[in-house]
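Okay, so here's the structure we're looking at.
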Amino acid sequence: MKLQELKRKGYTIPGRNLIKTAEQIEGIRRACALSNEILDIIDERICPGMTTNEINQIVHEYTIKKGAYPACLNYNGFPKSVCTSINNVICHGIPDETVLKAGDIINVDVTSVLDGFYGDTSRMFIVGEASLEAQKLVEVTLECLNLGIEQVKPFNRTGDIGYTIEQYAKKHGYSAVREFGGHGVGLKFHEDPWVPHYGKRESGMVLVPNMVFTIEPMINIGTHRCRILGDGWTAVTVDGSLSAQWEHTVR
Ligand code: MF3
Ligand code: CO
Ligand code: CO
């Protein structure tokens, strides 16, 4: 059997808990569908003048109405139901009274827990009309996600995903954030493996059928380096450059 062969050769292969049953995959799919539906609502409603607290309220209320729970709320002390990351914020922005203005780019990252299953997905939104520079970053980052997804096939490895994403970002003069990565997801918010958005081919965990994990590249116009603000969550680019992120849960 190929997997055992790989294990003998010293590769990291997923443990049994990372390989989901058909029932679990169906549950995770439903949670993802709900998160995606919530992002559709945000897409309809987002506009200049709105606060990130208002986005939080829409996400929170709709999640509860659907009989689900927002995974972010109280997760390791995170105070809100969704992450909203504007412009130079890489990820984990906390909703507050910040008002969206035309030209902002914002990532809204929704994770719903439905019947105990986690569905984690995020999108970029362009508020009003953004600069060409910002639009291009958003588009290239989406392409990074899609190219990463194309690498998801049995017996590829997490490093193949990271390598492909980083190389494409670099081709456009951008950098891929290293401190945060994709992750196994489904029965818990964050499971193994860790999925880098940079690195080398033929490194990291071997991918096998029915694993479920996220790919969520964060791409910066400037340096990949980040720092965390005093709130303990908000990750920003050290050079103040724009950052974009798209996230998908895949299997
Ligand atoms: N949804 C984020 C991710 O993609 C995690 C957010 S954790 C929070 O992994 F606590 F900041 F909400
Ligand atoms: Co997320
Ligand atoms: Co995630």
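Computation of the quantities below employed the complete heavy-atom set of this structure, encompassing side-chain atoms and omitting hydrogens, waters and symmetry-equivalent molecules. Predicted, not measured: the structure shown is a model, and the values here were computed from it.
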Exercise. Does anything in residues 129-143 pair up under side chain to side chain donor-acceptor pair (under 3.5 Å), and if so which pairs, sequence neighbours excluded?
Worked result: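 Of all non-adjacent pairs touching residues 129-143, none passes side chain to side chain donor-acceptor pair (under 3.5 Å).
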
For this session: Using the side chain to side chain donor-acceptor pair (under 3.5 Å) rule, collect all pairs that involve residues 9-18, keeping only residues at least two apart or in two chains.
Result: none

Exercise. After noting the C-alpha distance and the side-chain angles of T214 and V250, does the key distance pass the side-chain contact (heavy atoms from CB on, under 4.5 Å) rule?
Worked result: CA-CA 6 Å; T214 74; V250 302; over 6 Å; no

Which other residues belong to the hydrophobic cluster containing [X], where Ile, Leu, Val, Met, Phe, Trp and Tyr are joined when side-chain heavy atoms lie under 4.5 Å apart, directly or via other members?
X: I90; value: V177, F180, M218, I228
X: Y198; value: W194
X: L229; value: V89, V236

Check whether [X] reaches the backbone of [Y] with its side chain - one donor and one acceptor, N or O, closer than 3.5 Å.
X: H183; Y: F189; answer: yes
X: T52; Y: T84; answer: no
X: D239; Y: T223; answer: yes
X: S122; Y: N107; answer: no
X: Q245; Y: E216; answer: yes
X: D231; Y: T234; answer: yes
X: E166; Y: G199; answer: yes
X: S175; Y: G222; answer: yes
X: Q24; Y: T21; answer: yes

Do the non-hydrogen side-chain atoms of [X] and [Y] ever get within less than 4.5 Å of each other?
X: E150; Y: N146; result: no
X: V138; Y: W246; result: yes
X: I58; Y: I42; result: yes
X: L147; Y: I165; result: no
X: C72; Y: V82; result: no

Problem set entry | Side-chain H-bond candidate by donor/acceptor type, R225 with N220, under 3.5 Å | no

Gap separating the [atom1] atom of [X] from the [atom2] atom of [Y], nearest 0.5 angstrom:
X: L145; Y: E247; atom1: CG; atom2: CD; answer: 9.0 Å
X: L39; Y: M124; atom1: CG; atom2: CE; answer: 12.0 Å
X: E54; Y: L100; atom1: CD; atom2: CG; answer: 8.5 Å
X: N88; Y: C226; atom1: CG; atom2: SG; answer: 11.5 Å
X: R123; Y: I38; atom1: CZ; atom2: CD1; answer: 10.5 Å
X: N87; Y: L242; atom1: CG; atom2: CG; answer: 5.5 Å

Exercise. Should we say atom OH of Y62 is surrounded by more than 12 heavy atoms from elsewhere, each under 6.0 Å from it?
Worked result: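 Yes, the 6.0 Å shell around OH holds more than 12 heavy atoms from other groups.
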
With clusters defined by side-chain heavy atoms of hydrophobic residues (ILVMFWY) lying less than 4.5 Å apart, directly or transitively, does [Y] cluster with [X]?
X: V140; Y: I149; answer: yes
X: L18; Y: I161; answer: yes
X: I126; Y: L137; answer: yes
X: I55; Y: I94; answer: no
X: I41; Y: V59; answer: yes

What are the two closest non-hydrogen atoms of [X] and [Y], and how far apart are they?
X: G119; Y: A31; value: N-CB, 3.5 Å
X: V127; Y: C47; value: CG1-C, 3.9 Å
X: I64; Y: P70; value: CD1-CD, 4.1 Å
X: I28; Y: G186; value: CD1-CA, 3.5 Å
X: C32; Y: T249; value: SG-CB, 3.7 Å

Problem set entry | Test side-chain hydrogen bond (donor to acceptor under 3.5 Å, both in side chains) applied to T164 - qualifying residues, sequence neighbours left out |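 Not a single residue meets the side-chain hydrogen bond (donor to acceptor under 3.5 Å, both in side chains) criterion with T164.
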
For this session: Sequence neighbours left out, what passes side-chain hydrogen bond (donor to acceptor under 3.5 Å, both in side chains) with R157? Give chain and number order.
Result: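 Partners of R157 under the side-chain hydrogen bond (donor to acceptor under 3.5 Å, both in side chains) test: none.
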
Problem set entry | Centroid-centroid distance, H190 to Y75, less than 6.0 Å | yes

Problem set entry | Lys/Arg N to Asp/Glu carboxylate O, E37 vs K66, below 4.0 Å | yes

Hey, can you pull the donor-acceptor pairs under 3.5 Å for the side chains in residues 109-116, sequence neighbours left out?
unit_1: T111; atom_1: OG1; unit_2: D120; atom_2: OD1; d: 2.9
unit_1: S112; atom_1: OG; unit_2: S35; atom_2: OG; d: 2.9
unit_1: D115; atom_1: OD2; unit_2: R30; atom_2: NH1; d: 2.9

Ignoring hydrogens and angles, write down the donor-acceptor pairs under 3.5 Å from the side chains of residues 201-212, residues two or more places apart or on other chains.
unit_1: R201; atom_1: NH1; unit_2: Q151; atom_2: OE1; d: 3.2
unit_1: R201; atom_1: NH1; unit_2: D160; atom_2: OD1; d: 3.2
unit_1: S203; atom_1: OG; unit_2: K200; atom_2: O; d: 2.6
unit_1: N210; atom_1: OD1; unit_2: R251; atom_2: NH1; d: 2.8

Seminar exercise, completed: Contacts of Y168 meeting ring-ring contact (aromatic ring centres under 6.0 Å, His included) (sequence neighbours excluded), chain-then-number -> H172

Seminar exercise, completed: residues 217-241 vs ring pair (Phe, Tyr, Trp, His ring centres under 6.0 Å), sequence neighbours excluded, gives F78-W233, H92-W233

For this session: Start with the C-alpha gap between V108 and F125, add the side-chain angles, then the distance that decides, and say whether side-chain contact (heavy atoms from CB on, under 4.5 Å) holds.
Result: CA-CA 8 Å; V108 179; F125 298 98; 3.7 Å; yes

For this session: Would you check, one step at a time, whether the test side-chain contact (heavy atoms from CB on, under 4.5 Å) holds for F213 with I215?
Result: CA-CA 7 Å; F213 56 91; I215 303 178; 4.0 Å; yes

For this session: Please lay out, stage by stage, how I221 and T237 fare under the test side-chain contact (heavy atoms from CB on, under 4.5 Å).
Result: CA-CA 9 Å; I221 288 184; T237 57; over 6 Å; no

Problem set entry | Of all pairs that satisfy salt bridge (Lys or Arg N to Asp or Glu O under 4.0 Å), the ones with a partner from residues 80-103, not counting sequence neighbours | K101-D104

For this session: Give the intermediate values and the outcome of salt bridge (Lys or Arg N to Asp or Glu O under 4.0 Å) for residues E191 and K20.
Result: CA-CA 12 Å; E191 305 174 359; K20 269 57 179 182; 2.6 Å; yes

